[in-house]
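Have a look at the structure below, then the notes.
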Protein chains: 2
Amino acid sequence: MTLKEGKEKFIQSWGALGSSWGINRTMAQIHALLLISPEALSAEEIMEELQISRGNANMNIRALIDWGLVFKELKPGERKEFFVAEKDMWEVVKNIIIQRKKRELEPMLRVLDEISSVDPESEEAEEFVEIIREIKLFSNKADSTLDTLVKSDSNWFVGTFMKMIK
Amino acid sequence: MTLKEGKEKFIQSWGALGSSWGINRTMAQIHALLLISPEALSAEEIMEELQISRGNANMNIRALIDWGLVFKELKPGERKEFFVAEKDMWEVVKNIIIQRKKRELEPMLRVLDEISSVDPESEEAEEFVEIIREIKLFSNKADSTLDTLVKSDSNWFVGTFMKMIK
DNA sequence: GCGAAGTTTCAAAAAATACTGAACCGACAA
DNA sequence: TTGTCGGTTCAGTATTTTTTGAAACTTCGC
């Protein structure tokens, strides 16, 4: 396989993966492109490589920076902005966990709290509150487990953890 | 908050959560409805409750069964099919991990393998292969960690694990 | 075999989401 | 002050995804 084919295949597949994760195809492709790029790239270069418009590139780069997956890099003398990806996969996963926890798990916890206040004025209502209580319990545990996970370091994750639970 | 409001809010929120997870809104809503339903429901009842068409209900119920999140229940005497949700959240999460691993992580591992065969005939190609190698290493670790996680039981997950890593 | 009750399929329509391109903004140099 | 280079925004358009609804199919009792 040639380098060109390999790069294309990677960008392609990473894009597809992203889209089953609520991340849009282009955003994931930009991330893929930067991941495999030893040098920082400018918006122009990204547009060129992926054949996308300036607006599209700009919006998705912004979003990647928001997620902590890409950083802006200013080269001395150059007016243009350049971009590099976080290359450490454990950092990438950690950032995704942090962001999704904040955007999804935490709001859900708040909703579950509100819902628990349903008046238990019937058999049915009591059953409902009980089911919600269980979901809340589980979610809280997931929440703190993720917190701990995010604080732990990569070596722990890939090394000790696996042996410990075997 | 009344029972009706509570149920609606839960179905609503679970639906929204689903849609940021590559699961479509309706599928997540059906799942939510079944989760909080002490009794098995028929397709008719689901259609009625969520105001959706027969085709939509059928397709999404099938998909939920595929994911192992919902089971068909046949009541003696009745010709209709009824559906119940898996209520144990740990089982729900486990099934989602199993399915997504199969659908997303495993294909990506295969792609990474193919890509590693890029000829290292230039500096750039060597760097590329090296980055891919790192991603592959990480993905393999994630793969086996998830395998182990899925084999472990709920109590372990929520109890021991957290204390161990603190 | 026929009709009733229920399920499945899928082409077409609707809705949601992403992308484009052009206008606009700001910083800088001439 | 003006022109250029880049970044940002966003209304309109294109694409993708989801939903509908009707027809086809299946199963069963008569």
Side-chain angles (χ1 to χ4, degrees), chain A residues 11-34 40-67 69-84 103-104, chain B residues 11-34 40-67 70-84 100 103-104:
Chain A
I11 291 171
Q12 199 41 50
S13 308
W14 203 254
L17 187 68
S19 58
S20 42
W21 279 81
I23 284 161
N24 82 49
R25 189 176 252 66
T26 305
M27 199 187 304
Q29 287 184 343
I30 295 176
H31 185 232
L33 175 61
L34 291 173
L41 300 180
S42 65
E44 306 283 336
E45 289 166 315
I46 293 170
M47 287 161 58
E48 168 63 21
E49 197 81 33
L50 301 177
Q51 294 292 306
I52 58 176
S53 71
R54 176 172 294 282
N56 195 5
N58 184 278
M59 297 218 280
N60 283 303
I61 292 170
R62 268 346 94 187
L64 283 166
I65 292 175
D66 241 43
W67 280 74
L69 303 178
V70 162
F71 310 104
K72 198 180 284 195
E73 201 174 275
L74 296 170
K75 297 198 182 175
E78 290 264 25
R79 186 117 77 86
K80 266 203 284 269
E81 295 173 338
F82 291 80
F83 306 96
V84 276
R103 292 166 200 216
E104 295 154 26
Chain B
I11 292 170
Q12 197 42 48
S13 308
W14 203 255
L17 186 67
S19 56
S20 41
W21 277 81
I23 285 159
N24 84 49
R25 189 176 252 67
T26 306
M27 198 187 306
Q29 287 183 343
I30 295 175
H31 184 232
L33 175 61
L34 291 173
L41 300 181
S42 65
E44 304 284 338
E45 289 167 315
I46 293 170
M47 285 162 58
E48 168 62 22
E49 197 80 33
L50 302 178
Q51 294 294 307
I52 57 176
S53 72
R54 178 171 294 285
N56 195 4
N58 185 277
M59 297 219 279
N60 284 303
I61 291 169
R62 272 340 101 185
L64 283 166
I65 291 175
D66 243 40
W67 280 74
V70 162
F71 310 105
K72 196 180 286 194
E73 201 172 274
L74 295 170
K75 296 197 182 176
E78 293 263 24
R79 184 115 78 85
K80 265 204 283 273
E81 296 174 336
F82 290 80
F83 306 95
V84 276
R100 302 199 73 150
R103 292 165 200 218
E104 294 154 28

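Proteins get letters first, then strands, A, B, ... in listed order; numbering begins at 1 in each.
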Residue pair [X] / [Y], side-chain heavy-atom distance below 4.5 Å:
{"X": "Lys72(A)", "Y": "Arg62(A)", "result": "yes"}
{"X": "Trp67(A)", "Y": "His31(A)", "result": "no"}
{"X": "Lys75(B)", "Y": "Glu81(B)", "result": "no"}

Candidate list Ile30(B), Leu34(B), Leu64(B), test side-chain contact (heavy atoms from CB on, under 4.5 Å), partner Phe83(B), passing option: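 Answer after filtering Ile30(B), Leu34(B), Leu64(B): Leu34(B).
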In whole angstrom, give the distance that lies between atom [atom1] of [X] and atom [atom2] of [N].
{"X": "Asn24(A)", "N": "dA16(C)", "atom1": "CG", "atom2": "P", "result": "18 Å"}
{"X": "Arg25(A)", "N": "dT17(C)", "atom1": "CZ", "atom2": "C1'", "result": "12 Å"}
{"X": "Glu44(A)", "N": "dG21(C)", "atom1": "CD", "atom2": "C1'", "result": "14 Å"}
{"X": "Phe83(B)", "N": "dT7(C)", "atom1": "CZ", "atom2": "C1'", "result": "9 Å"}
{"X": "Leu74(A)", "N": "dA27(C)", "atom1": "CG", "atom2": "C1'", "result": "13 Å"}
{"X": "Met27(A)", "N": "dT17(C)", "atom1": "CE", "atom2": "P", "result": "13 Å"}
{"X": "Ile23(A)", "N": "dA18(C)", "atom1": "CD1", "atom2": "C1'", "result": "15 Å"}
{"X": "Glu78(B)", "N": "dT7(C)", "atom1": "CD", "atom2": "P", "result": "10 Å"}

Sugar-phosphate only, base, or nothing, as touched by Glu81(B) at under 4.0 Å among non-hydrogen atoms: sugar-phosphate
Sugar-phosphate only, base, or nothing, as touched by Ser42(A) at under 4.0 Å among non-hydrogen atoms: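 Nothing, no heavy atom under 4.0 Å.
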base_contact_polar (dT27(D) base, Arg79(B) side chain, donor-acceptor, <3.5 Å):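 Between dT27(D) and Arg79(B), which were checked side chain against base, a qualifying N/O pair under 3.5 Å is present.
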Taking all non-hydrogen atoms of both residues, which atom of [X] and which atom of [Y] are closest, and how far apart?
{"X": "Leu50(B)", "Y": "Leu33(B)", "result": "CG-CD2, 4.1 Å"}
{"X": "Ala28(A)", "Y": "Gly18(A)", "result": "CB-CA, 3.9 Å"}
{"X": "Leu41(B)", "Y": "Glu45(B)", "result": "CA-OE1, 3.3 Å"}

dT18(D) phosphate, OP1 or OP2, under 4.0 Å from Thr26(B) side-chain N/O: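 No, no such contact exists.
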Within residues 55-62 of chain B: residues closer than 4.0 Å to DNA chain C (heavy atoms):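 Listed by number, they are Gly55(B), Asn58(B), Met59(B), Arg62(B).
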